[in-house]
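Read the numbers this way: they start at 1 and go in the same order the structure lists the ligands and their atoms.
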Amino acid sequence: MTDQHSELLAACSVLGGYAQDDLIWGHASVRDSEGRGAWMKSSRLGFEEMTADLLVLVDDSGTTLAGGGTRHIESPIHTEIMRSRPDVGAVVHTHWPHVVAFGATGMPMRPISHDATLFVPDRLARYGSGELITTPEQGRAVAEALEDRPAILLAHHGMVTVGADVAEAVVTAVMLERAARLQLLTAAATPDFSYSSDDEAIRKRDQHFTRSNIEAAWAYLLRRVQGSSSAT
Ligand SMILES: [Zn+2]
């Protein structure tokens, strides 16, 4: 098994632990080290059911070049973002419930919690169509809306998070779902809620989401899904 396969399988196992009743939907990818496209989770199975032989290599046209599974039809999300963002090594797409609910409110993301500091100011893009992203043109439109941000909400659909590697992309996805949940809880209690200033949020982001902390959080997520609390 290659490093990119083991990274992607690790991402799938962690995301399977956060399945949130999304059953077989949602997908993750890592950039192919030979520049042929993206290695992705395959369709028709849950994240945690992935094995190395079921991962698929998909190119920019949506053609499956290798692997034993069936391609998710939304592969252009991954291939077009990777094409437009050389800094992106991994992409996560989910339909987790709090993100979908939050997106439908139209509220801007507010830094109520540490989690949300990843997404402010103006670090959470929005894509207005609720259609599935099945064509390169739609994938390009998502990539253009994302610009250089770490995450995008797809209206009435879900979210996409990106990172240099699976650690960044998965931790960002987990934090976005949590930030959305906290803001929904807060807004339900009172529409007149308080939150950090941009300056405070940026300082907190720099303290809370250091590369070292993201790697530690990723290692913890892996240990948790593997059922062990011992450090590796
Ligand atoms: Zn989707």
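To the nearest 10 degrees, the Zn ion (ligand 1) sees NE2 of His95 and NE2 of His93 at an angle of 90°.
The name of the N, O or S atom in Glu74 nearest to the Zn ion (ligand 1) is OE1.
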Solution key, residues 118-125 side-chain donor-acceptor pairs under 3.5 Å, sequence neighbours excluded:
{"from": "Asp122", "atom 1": "OD1", "to": "Arg149", "atom 2": "NE", "distance (Å)": "3.4"}
{"from": "Asp122", "atom 1": "OD1", "to": "Arg149", "atom 2": "NH2", "distance (Å)": "3.2"}
{"from": "Asp122", "atom 1": "OD2", "to": "Arg149", "atom 2": "NH2", "distance (Å)": "3.3"}
{"from": "Arg123", "atom 1": "NE", "to": "Leu118", "atom 2": "O", "distance (Å)": "2.8"}
{"from": "Arg123", "atom 1": "NH2", "to": "Leu118", "atom 2": "O", "distance (Å)": "3.4"}

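Here His157 reaches the Zn ion (ligand 1): one of its N/O/S atoms is less than 2.8 Å from the metal.
Residues Val160 and Trp25 do not share a hydrophobic cluster, clusters being chains of Ile/Leu/Val/Met/Phe/Trp/Tyr side chains in contact below 4.5 Å.
Under the 4.5 Å side-chain criterion, counting only non-hydrogen atoms from C-beta, Thr161 is not in contact with Val91.
For Glu215 and Arg211, the salt-bridge test passes: some basic side-chain N is under 4.0 Å from an acidic carboxylate O.
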